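Accompanying notes for the structure given below.
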Amino acid sequence: MLEIGKVERYIHEKLEREKLHFVLLDPDDVTPEEAAKIAEMSEETGVDAIMIGGSTGAEGEVLDGVVRAIKESSDLPTILFPGSHGGISKYADAIFFMSLLNSTNPFFITGAQALGAFQVKRYGLEPIPMAYLIIEPGETVGWVGDAKPIPRHKPKIAAAYALAGQYLGMRLVYLEAGSGASQPVPPEMIALVKHVIDVPLIVGGGIRTAEQARAAVKAGADIIVTGTAIEKAGSLEKAGKKLRELNRGIKGRD
Ligand SMILES: CC(C)=CCC/C(C)=C/CC/C(C)=C/CC/C(C)=C/COP(=O)(O)OP(=O)(O)O
Ligand SMILES: O=P(O)(O)OC[C@@H](O)CO
Ligand SMILES: [Mg+2]
């Protein structure tokens, strides 16, 4: 019998009360010690989950080390955000089992998934099926994932892909402008996508301020992902301040 796993249930239950903030840590950019500290601060400041991944090199021992450090320092759910079948760690709770629907390369649509499937089963990781869509500019992940990035001024294309993802059985949709994007996904696009789908909507890429996070939530985003703004805050103290600022924007508290 197919059952909804623990982390997915946690997401749905929390979404009944508030919008969520997930923090993305890239093992290529943070040491296990830094990751542990950020995860601890994330939990203290009201972040809802930690995502772990990167489009280049987040694999093997380096990945395992970061996931383990996060698990030791916080009780937040850890969700893998893999760039390929190499991005799987047995120490995480769940994995966004994603398909890059607007890739031009079948490897990112079904290939990496087939290569990783048995490993996910062996480790008992919770797979959460997700439609992953790259919006302009797309940044590194757009290039690495051989995406045909959806133009920023074409919300209908994003909505069509998102609905197709839902009809294919995916239980989350992720609109991705790319890590470090100069501009986040436009609110008009978020609004149209949210209007047509019934599954939770994740938005990430280039969200650096409480105002940007608020605008995405107001447009209809259910979950906001931030990475660069925290990783590149400059110091742990500044990262903590940034976490609180972004949470405020997302949760609508002040
Ligand atoms: C489900 C399985 C086993 C694999 C999925 C494989 C797919 C579809 C990958 C999509 C394409 C891709 C390269 C995704 C990476 C997503 C990601 C972790 C982005 C964040 O990383 P960045 O911060 O952009 O990476 P860099 O820091 O390396 O630029
Ligand atoms: O690093 P940022 O720009 O916050 O992007 C987060 C995430 O959407 C990248 O996959
Ligand atoms: Mg990164």
Side-chain angles (χ1 to χ4, degrees), residues 21-30 34-35 38 47 50-59 62-63 66 79-89 92 94-123 125-135 137-149 165 170 172-185 190 201-209 212-213 216 221 223-233 239 242-243 246 249-250:
H21 182 194
F22 289 4
V23 167
L24 171 66
L25 293 176
D26 183 345
D28 229 15
D29 299 329
V30 292
E34 286 164 347
I38 294 175
V47 167
I50 304 287
M51 287 163 52
I52 303 125
S55 37
T56 50
E59 300 188 5
V62 175
L63 172 63
V66 166
I79 307 173
L80 297 170
F81 188 44
S84 74
H85 55 293
I88 301 175
S89 168
I95 176 169
F96 280 145
F97 209 83
M98 59 209 215
S99 175
L100 208 182
L101 292 182
N102 62 324
S103 178
T104 58
N105 181 345
F107 176 79
F108 294 102
I109 305 172
T110 52
Q113 296 76 2
L115 294 178
F118 278 123
Q119 211 178 345
V120 168
K121 192 176 175 69
R122 198 176 328 121
Y123 293 160
L125 287 168
E126 176 186 336
I128 306 178
M130 178 166 90
Y132 189 48
L133 302 177
I134 307 282
I135 315 303
E139 301 297 331
T140 307
V141 63
W143 192 88
V144 173
D146 289 334
K148 195 161 78 173
M170 290 150 185
L172 290 173
V173 168
Y174 190 139
L175 298 180
E176 169 76 273
S179 188
S182 54
Q183 285 179 292
V185 176
I190 297 173
L201 177 59
I202 308 184
V203 176
I207 298 175
R208 295 176 181 79
T209 65
Q212 287 172 324
I223 302 172
I224 300 294
V225 178
T226 65
T228 307
I230 315 295
E231 277 179 359
K232 304 258 170 357
K242 204 32 137 180
L243 283 168
L246 289 163
I250 295 163

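Along the sequence shown, residues are numbered consecutively beginning with 1. Remember, predicted model here, so these are calculated numbers, not experimental data. Order of appearance sets the numbers: ligands from 1, and atoms from 1 within every ligand.
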For Asp26, atoms of ligand 1 separated by under 4.0 Å from a heavy atom: 23 (O), 25 (O), 26 (P), 27 (O), 28 (O)
Positive for side chain to side chain contact (heavy atoms under 4.5 Å, CB included) with Val225, one of Val203, Val23, Leu24, Ile207: Leu24
Atoms of ligand 1 close to Gly83 [distance to a heavy atom under 4.0 angstrom, numbered from 1]: 6 (C), 9 (C), 12 (C), 13 (C), 14 (C), 15 (C)
Which of the ligand 2 atoms, numbered from 1, are nearer than 4.0 Å to a heavy atom of Thr226: 4 (O)
Close N or O approach (Gln113, ligand 1; < 3.5 Å): no
Protein heavy atom at shortest distance from atom 7 (C) of ligand 2: Tyr174 OH, 3.4 Å
Those atoms of ligand 2 less than 4.0 Å from some heavy atom in Leu24: 7 (C), 9 (C), 10 (O)
Subset of ligand 2 atoms that lie under 4.0 Å from at least one heavy atom of Gly180: 1 (O), 2 (P), 3 (O)
Nearest protein heavy atom with distance in Å, relative to atom 20 (C) of ligand 1: Leu24 CD2, 3.8 Å
Atom 24 (O) of ligand 1: the protein heavy-atom neighbour that sits closest, reported with distance to 0.1 Å: Ser179 CB, 3.1 Å
Pairs meeting criterion side chain to side chain donor-acceptor pair (under 3.5 Å) with involvement of residues 99-111, two or more places apart: Asn105-Asp146
Region of Phe22 engaging ligand 2 - heavy atom pairs below 4.0 Å: neither
For atom 6 (C) of ligand 2, the protein heavy atom that lies nearest, with its residue and separation: Gly205 N, 3.7 Å
Residue Asp26 atom name (nearest to the Mg ion (ligand 3); N/O/S): OD2
Atom 10 (O) of ligand 2 [closest protein heavy-atom partner, distance rounded to 0.1 Å]: Glu176 OE2, 2.4 Å
Closest protein heavy atom to atom 4 (O) of ligand 2, given as residue, atom name and distance to 0.1 Å: Gly227 N, 2.8 Å
Protein contact to atom 3 (C) of ligand 1 [nearest heavy atom, distance to 0.1 Å]: Ala112 O, 3.7 Å
Interfacing atoms of ligand 2 (cut-off 4.0 Å, heavy-atom, Ser179): 1 (O), 2 (P), 3 (O), 5 (O), 9 (C)
Under-4.0 Å heavy-atom contact with ligand 1, by part of Asp29 that carries it: side chain
Heavy-atom nearest option to atom 18 (C) of ligand 1, drawn from Pro27, Ser99, Gly54: Gly54
Atom 1 (O) of ligand 2: the protein heavy-atom neighbour that sits closest, reported with distance to 0.1 Å: Thr228 OG1, 2.5 Å
Proximal atoms of ligand 1 relative to Thr140 (non-hydrogen, under 4.0 Å): 29 (O)
Closest to atom 12 (C) of ligand 1 among Val141, Val144, Val225, Ile95 (heavy-atom distance): Val141
Atom 26 (P) of ligand 1 [closest protein heavy-atom partner, distance rounded to 0.1 Å]: Ser55 OG, 3.4 Å
